[in-house]
> 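I am attaching a structure below and will ask some questions about it afterwards.
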Amino acid sequence: MSIVTEPTKPVATLPLDDAHVGNIDDYRANSLWRLTFRRLFRQRSALIGLILLAILLISAVFAPLIAPYDPEKPLIGIEAVGKREGPCIHILGCPSDRPQHIMGIDGNFRDVFSRIIYGTRVSLYVGLLTVGFAVITGTLLGAIAGFFGGWADNVIMRVLDVVLAFPFLLLAIAIVSVLGPGLTNAMLAIAIISVPAYARVTRASVLSVREMAFIEASRALGASNWHILFGRILPNSLPPLIVVATLGIATAILDTAALSFIGLGAQPPTPEWGSMLAIERNQVFSAPHLVFFPGLAIMTTVLAFNLLGDGLRDALDPRLVQGGAPK
Amino acid sequence: MKKSRILLVMGLLLIAALVITACTATSGDIQDAVDQVAPTLAAAATELAPTVQAAVEEIAPTVEAAATEIAGGEEATAEPAPEEPMADMMVVTAPDDFCPPAPGNAFKEIAAIDELTVQFTRCQPDPAFPSKAAFTSFAIQPSEHLEAMGGTPELLENPIGTGPYMISQWNRGEELVMTKNPNYWGDAAFADTLVFRWQTESAARLLELQSGTVDGIDNPGPDDFETIAGDPNLQLLERPALNVFYVGMNNTYPPFDNEMVRQAIAMGIDRQRIVDNFYPPGSEVATHFTPCAIPNGCAGEEWYEFDPEAARALLAEAGYPDGFETEIAYRDVVRGYLPDPNIVAQDIQAQLAENLNITANINVMESGAFLEAADAGQLEGLHLLGWGADYPDMTNFLDYHFGVSSSAQFGDQFGDITDTLSEAASLAGDDARAPLYEQANNLIKQHVPMVPIAHGGSGVAYLASVSSPHVSPLGNESFAKMDPGKDTFVWMQNAEPISLYCADETDGESLRACEQVTEALLAYEVGGTAVEPSLATSCDANEDLTVWTCHLREGVTFHDGSTLDANDVVLSYAVQWDAANPLHVGNTGAFSYFSALWGPFLNAPPAE
């Protein structure tokens, strides 16, 4: 059994415990989420992250409308373009009789801009799905470990410690090598290795929440273990998890790009940014646009999630809650 | 809290108890086990003793004979040679039943006739003997050196040859340094020091050349050809396209077991588009499997024209009107025949989808695993591979891939092709073989074991200050013949040599390094493919081309000071040929080129 260091009586400074102050309407109006969003929008960096994310979401959802060309079809014999031709933008002086390709042409005569736009879909899909899987699994494991303690805690956390003991990307490579290369397997690998992080965060907050007075109250009212765990404890353990998950999406996207770069992730012709980088890495001097734009796309996406994650962390931090009292 | 402490203590106690039990149990158990086993072992030993004794007695004479033979002592054969051989002349002879039936070929005997004459006896006529004897893997090393180093890993890094350069230092992972051989029998090398370096990325190689840190680079990227040609400080030499890039299929896996499917794929790929867009200048669309520069290479009908409608019709007739799903396997390795593997693979993928509605998933494999899987016939879909000429003869292309001794790469062999090739290989003279190769090429076109795409031109770039530069169609540039205008010549290739015992290497990067140091009986002309004298001043055949007699050059010394004699030649061949020879050890022990070019090993262990 792990050594329990948490104080048995919680210090009643958390906003949730202040709920008895004021009437119920005030409480609703100033729920944690409302306060969080208000604080989030007040931060410039988080706002930038949100805007970037909105752009990414729009381009992912409306990719077929935004992308001017088929991302997988070579333009050989369709348009008079050269292999790995640089960007041609009409408003920047590219002759108007030439077809416009704002990010140039790749080695297979495809429009890079269209591929980048469709790549947003792949990246967001990968990020959200892997983190979604990891969060659900990790939360369940962490919650069970934290709530029930004892041997369940020991077994679950030690197994996860073993997973954590491996270098992150190496373990992912090992998993993909066993399962075979491909986007699905890469996602699965990244999801598996992200589980421990979420489990630990959940367990830590479950451990602190379960000792609070309102849990005792629920228990005194005869609530079942499952009801307490899923109805009371988990909802109150969410804030740190949301921060970690947001930052985790960035990591997941980066790792997928890395796996694709070494040929274990998305397989051609899927327009995945990491594999776009990998295939044209030799052209870094002769056709820099082929490396620049996928790199920029990866950077922007990761930056967006990181900014948002940082902002969320600040906004959810109970120590910065001064302005959060009922009006 | 209290409960947890109790639990903790109990847990610790439990662990301690377990450990103690385990320890005591182990020592006791082992003692028991030993007591139990000892009598059995003793019984077994007494039982076996006579057998072992008998076996030793049986082997002893053989071992002794082998030992004397290896030591360069008595000849191991009782068969008297026509001329009475000198007492210390080495001879290796195969047993009477060794020769394979007619289409196959093998060595019958390799014998030192006198100090400067070696006689090679082949089972069947072998018109390609000179071309094969000039190949790097059959370089001559001193017999003393082979005996001293053979069988140990030291041989892999310390070749002793007769070449213009000798190995000075090999810093694994960094560079390979060679110094000029002052006693070279031919024209001495220009530069005193030759350094081999390597870099996988073509962009990085070019950068090194542009900055002047290296004097020459292999295989600049196809897109860099123009840059190099336009740079007054650099010179570009195009390597003739003596290779072929093809899309292979295995006829044992559906749907490729259907000839119509294979023909449809042959017609459904626009090969001109691939060569025009993804190959450097000097490349050409393959009209046949073999490049036209090889005698009889382009005999017979040209390959199918690109015709997507006909291809779709054929595919529908074969029962796949809506296409099918398959795989394109390849290795991400740049070779002269495939300058940009990823890009070409994706274009073929796109073409298959567009022209034939075939969904092909790309499968990039590790180089070694890919070659192994291809050879073993395990690639179920399409595979992208190529072949570079080792020696300029049809047998090196067609027999290796489609002959009787070919691997399972394309599935079951096509009987009519193997028969034709075997017949052709036994004939002497390109004219006499022409009709048979015409027939073989037409059969290949009909059966489509693979789709030949291109003969890829590649190149070599040097600093403009390098005078008398050349490029070899076989990939074996001789740097002794080039003058960098300074003391050191630095060459940068794609990869590090694997080992320098090239008898057991197939990798071109290793072979090129060996070629600077060791020499074979004959050689390919500098920058060409014609065979010319080297360590042998001549190799003459008897009338039916089965017995080849090579006359060694007089007064050639090895880097260790010893003089070249016939025994060196016999042993250099014998350690490769005789699988039972204790010196038949190399990097992998496969000696692939020997078996591919000369036929089966002597005393080969029985197949599993």
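All chains are named by letter (A, B, ...) in the order of the sequence lines, taking the proteins before the strands, and each is independently numbered beginning at 1.
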> Report the distance from atom CD1 of A:I279 to atom CG of B:D332, rounding to the nearest 0.5 Å.
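If we round to the nearest 0.5 Å, A:I279:CD1 and B:D332:CG are 8.5 Å apart.
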> Got more than 12 heavy atoms from elsewhere within 6.0 Å of OH, A:Y125?
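Incorrect, the count does not exceed 12.
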> Below 4.5 Å, heavy atoms only, C-beta onward: do A:P268 and B:N342 meet side chain to side chain?
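No, their side chains stay 4.5 Å or more apart.
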> Picking from A:I76, A:L264, A:V284, which has the most non-hydrogen pairs under 4.5 angstrom with chain B?
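Option with the greatest count: A:I76.
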> Tell me whether the count of non-hydrogen atoms from other residues, nucleotides or ligands lying under 6.0 Å of CZ in A:R200 goes above 12.
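Not more than 12 within 6.0 Å, no.
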> Determine the minimum heavy-atom distance between A:E280 and B:I343, stating which atoms define it.
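That closest heavy-atom pairing would be OE2-CD1, 3.6 Å.
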> Can you say whether B:L207 sits under 4.5 Å from chain A via the side chain, the backbone, both, or neither, judging by heavy atoms?
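The side chain, not the backbone.
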> Answer yes when A:R84 and B:D340 have at least one side-chain N-carboxylate O distance shorter than 4.0 Å, and no when they do not.
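Counted as a salt bridge, because a side-chain N and a carboxylate O are separated by less than 4.0 Å.
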> Please check if the number of heavy atoms outside B:E226 that lie under 6.0 Å from its CD is greater than 12.
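No, because the 6.0 Å sphere around CD of B:E226 holds 12 heavy atoms or fewer from other groups.
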> Could you go through B:T227 and A:S286, starting from their C-alpha distance and side-chain angles, then the distance that decides it, and tell me whether this counts as side chain to side chain contact (heavy atoms under 4.5 Å, CB included)?
CA-CA 9 Å; B:T227 319; A:S286 56; over 6 Å; no
> For chain A, which residues from residues 349-367 of chain B have at least one heavy atom closer than 4.5 Å to it?
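B:Q349, B:A350, B:E354, B:I362, listed by number.
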> Heavy-atom cut-off 4.5 Å, strictly under: side chain, backbone, both or neither for B:D276 against chain A?
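Neither part.
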> What residues of residues 99-112 of chain A sit under 4.5 Å from chain B when you count only heavy atoms?
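Hits under 4.5 Å: A:G107, A:N108, A:F109, A:R110.
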> Is A:E79 atom CD crowded by more than 12 heavy atoms from other residues, nucleotides or ligands, each under 6.0 Å away?
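It does: A:E79 CD has more than 12 such atoms within range.
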